[in-house]
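I have placed the structure first, in the form of structure tokens, so that the comments after it can refer back to it.
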Amino acid sequence: MKISEKARNALYIGTLCSVSYLAVYFVRNILSAVTPKMVGLGFTEEYIGTLSSAYFVFYAVGQLINGMIGDKIKAKYMLSLGLLFAGIMNLVFSRVADIPGASLLAYGLSGFSLAMIYGPMTKTVAENTDPILATRCSVGYTFASFFGSPIAGIAAAFLAWESVFFVGSGALALMAVVVFMFFTVFEKKGIVKYNQYKKEKEKGSIRVLIEHQIIKFSLISMITGIVRTAVVFWLPTYISQHLGFSEEKAALLFTVTTLAISTNTFIAVFVFEKLRRKIDLTLIIMFSVAAVSFLLAYLVSQPALNLIFMVLAVMGSNGAASMLWSYYCPSLRDTGMVSSATGFLDFLSYIAAAVSSSAFANAVSGIGWGNLILVWMGLAVCGLLVSIPYKKIR
């Protein structure tokens with residue numbers, strides 16, 4: 001069967017974006033994966049929680065700023081520079097991790113640099129592929145984002161924590177060069193073109209986005225951001241402390257569980273397609289699965305079953321997130337504000353994650369892991385309520 005030119009071009013763009021995002025999320029999950037080892041060497045959970053919060057804040061602000069810039073500057077420059085600067089900052093962090101002020105700044109700047117990637121990348125995909133192909137491309141790099149966790153887990157299981165950061169820095173630097181080269185080729189061949197869609201100035205940016213349900217999806221972004229970022233960040237520590245596994249087993253189990261979680265994008269899109277692309281109904285199902293699974297994780301203490309329910313809970317919430325990033329954001333193509341809107345939604349997602357990550361670190365010693373699971377279940381219930389449409393299910 002012959003592949004059409006549009007499908008082939010979408011494959012080229014989607015593959016490059018997916019590989020780039022895999023490197024991004026490998027590096028983003030390193031601190032989470034090596035947390036048990038760092039705690040074993042004397043670093044405290046509170047300090048690591050502060051690091052993760054600083055990262056999320058810098059990343060969130062970066063998404064807001066870089067999202068707007070991404071609507072004006074070529075993705076080739078945004079992506080390659082972001083990857084390169086992030087690689088440098090991660091290397092610096094591994095050398096100054098025991099110096100509180102310097103480590104916070106270095107790790108935060110790494111987050112700001114990586115925030116140069118997603119908005120411009122989504123804009124490029126949305127403007128250079130048909131809507132259904134844009135969704136499939138988005139599925140590819142959304143899957144890559146979840147698949148980065150098990151890769152980080154594997155590296156953490158076999159390498160010293162500093163070495164994992166070193167490998168991550170090398171991966172980002174390499175991808176910076178690859179992205180710049182391939183985007184240059186794509187531009188020359190006409191596969192990638194810029195600014196094909198303009199803002200609807202007569203209505204105003206805010207009004208246009210409100211008409212596209214930006215408020216509803218902002219709430220969903222914050223709820224899923226807490227689960228897919230802050231909850232998953234603390235998963236290795238949860239496995240080690242609450243379920244009683246050793247540091248090495250916790251790292252390997254984190255790899256296995258996040259590998260399973262990475263498949264949720266395909267599951268969510270499969271359900272979405274089977275429901276005839278009804279996004280509201282898909283969101284309701286995903287949040288329902290998350291809420292019920294968190295409840296079961298609270299009720300069942302047997303380690304293996306507890307971990308299975310926890311994985312199902314995260315998969316449900318991440319399935320809802322997949323609808324947001326793989327379908328909703330690319331659907332904003334006609335507004336001419338894909339990068340700005342995507343950056344804004346990611347900003348909200350990571351601000352929520354920043355606040356919650358630090359809160360979770362303190363809550364562990366305050367209310368315990370069990371009650372914290374109930375908090376996570378409450379988030380899933382809130383997502384379910386937000387997803388219920390006032391009008392007919394779309």
Under the side chain to side chain contact (heavy atoms under 4.5 Å, CB included) test, residues paired with [X] that sit two or more places apart:
{"X": "Ser80", "answer": "Phe180"}
{"X": "Ile154", "answer": "Phe158, Thr255"}
{"X": "Phe112", "answer": "Phe58, Ile65, Asn66"}

Is there a donor-acceptor pair closer than 3.5 Å between any side-chain N or O of [X] and the backbone N or O of [Y]?
{"X": "Ser163", "Y": "Leu159", "result": "no"}
{"X": "Ser94", "Y": "Leu91", "result": "yes"}
{"X": "Lys6", "Y": "Thr129", "result": "no"}
{"X": "Ser387", "Y": "Asp280", "result": "no"}
{"X": "Ser103", "Y": "Pro100", "result": "yes"}
{"X": "Asn29", "Y": "Ala152", "result": "no"}

Let me confirm one number: the [atom1]-[atom2] distance from [X] to [Y], rounded to the nearest 0.5 Å.
{"X": "Gln213", "Y": "Ile220", "atom1": "CD", "atom2": "CD1", "answer": "8.5 Å"}
{"X": "Met78", "Y": "Tyr118", "atom1": "CE", "atom2": "OH", "answer": "14.5 Å"}
{"X": "Ser349", "Y": "Trp325", "atom1": "OG", "atom2": "CH2", "answer": "5.5 Å"}
{"X": "Leu283", "Y": "Leu275", "atom1": "CG", "atom2": "CG", "answer": "10.5 Å"}
{"X": "Leu281", "Y": "Phe272", "atom1": "CG", "atom2": "CZ", "answer": "10.5 Å"}
{"X": "Met315", "Y": "Met310", "atom1": "CE", "atom2": "CE", "answer": "14.0 Å"}

Exercise for the section: Please assess Ile214 against Leu345 for the test side chain to side chain contact (heavy atoms under 4.5 Å, CB included), listing each intermediate value before the final yes or no. Expected result: CA-CA 8 Å; Ile214 191 71; Leu345 290 171; 3.9 Å; yes
Looking at side-chain heavy atoms only, is the closest gap between [X] and [Y] below 4.5 Å?
{"X": "Tyr327", "Y": "Ser322", "answer": "no"}
{"X": "Ile284", "Y": "Pro389", "answer": "yes"}
{"X": "Lys189", "Y": "Val185", "answer": "yes"}
{"X": "Tyr238", "Y": "Asn306", "answer": "yes"}
{"X": "Val292", "Y": "Phe309", "answer": "no"}
{"X": "Lys74", "Y": "Val192", "answer": "no"}
{"X": "Phe287", "Y": "Thr224", "answer": "yes"}
{"X": "Asn128", "Y": "Ile191", "answer": "no"}

Output, in order, the C-alpha distance, side-chain angles, deciding distance and verdict of side chain to side chain contact (heavy atoms under 4.5 Å, CB included) for Thr44 and Val39. CA-CA 6 Å; Thr44 66; Val39 170; over 6 Å; no
If hydrophobic clusters are built by linking Ile, Leu, Val, Met, Phe, Trp and Tyr wherever their side-chain heavy atoms come under 4.5 Å apart, do [X] and [Y] end up in the same one?
{"X": "Val177", "Y": "Met89", "answer": "no"}
{"X": "Ile151", "Y": "Phe166", "answer": "no"}
{"X": "Val178", "Y": "Phe186", "answer": "yes"}
{"X": "Leu105", "Y": "Ile88", "answer": "yes"}
{"X": "Phe26", "Y": "Val256", "answer": "no"}

With sequence neighbours left out, the residues meeting side-chain hydrogen bond (donor to acceptor under 3.5 Å, both in side chains) with Tyr298 are none
Non-hydrogen atoms of [X] and [Y] that approach each other most closely:
{"X": "Ala352", "Y": "Met222", "result": "CB-O, 3.7 Å"}
{"X": "Gly111", "Y": "Tyr59", "result": "O-CD1, 3.0 Å"}
{"X": "Val92", "Y": "Ala106", "result": "CG1-CB, 4.0 Å"}
{"X": "Leu114", "Y": "Arg28", "result": "CD1-CG, 3.6 Å"}
{"X": "Leu172", "Y": "Leu83", "result": "CB-O, 3.4 Å"}
{"X": "Val300", "Y": "Leu305", "result": "CG1-CB, 3.7 Å"}

Do other residues, nucleotides or ligands put more than 12 heavy atoms under 6.0 Å from [X] [atom1]?
{"X": "Leu299", "atom1": "CG", "result": "yes"}
{"X": "Tyr12", "atom1": "OH", "result": "no"}
{"X": "Phe43", "atom1": "CZ", "result": "yes"}
{"X": "Phe183", "atom1": "CZ", "result": "yes"}

*Show your working on side chain to side chain contact (heavy atoms under 4.5 Å, CB included) between Gln63 and Leu348 and close with a plain yes or no.*
CA-CA 9 Å; Gln63 285 289 356; Leu348 294 178; over 6 Å; no
- Derivation of the side chain to side chain contact (heavy atoms under 4.5 Å, CB included) call for Lys123 and Thr342: CA-CA 8 Å; Lys123 176 182 176 67; Thr342 301; over 6 Å; no
In short, ring-ring contact (aromatic ring centres under 6.0 Å, His included) pairs touching residues 80-104 with sequence neighbours left out are Phe93-Tyr107, Phe93-Phe165
Residue set satisfying salt bridge (Lys or Arg N to Asp or Glu O under 4.0 Å) with Lys76, at least two apart, ordered chain then number -> Glu187
message: Run Ser110 and Asn90 through side chain to side chain donor-acceptor pair (under 3.5 Å) and show every step you take.
response: CA-CA 6 Å; Ser110 169; Asn90 266 274; 2.6 Å; yes
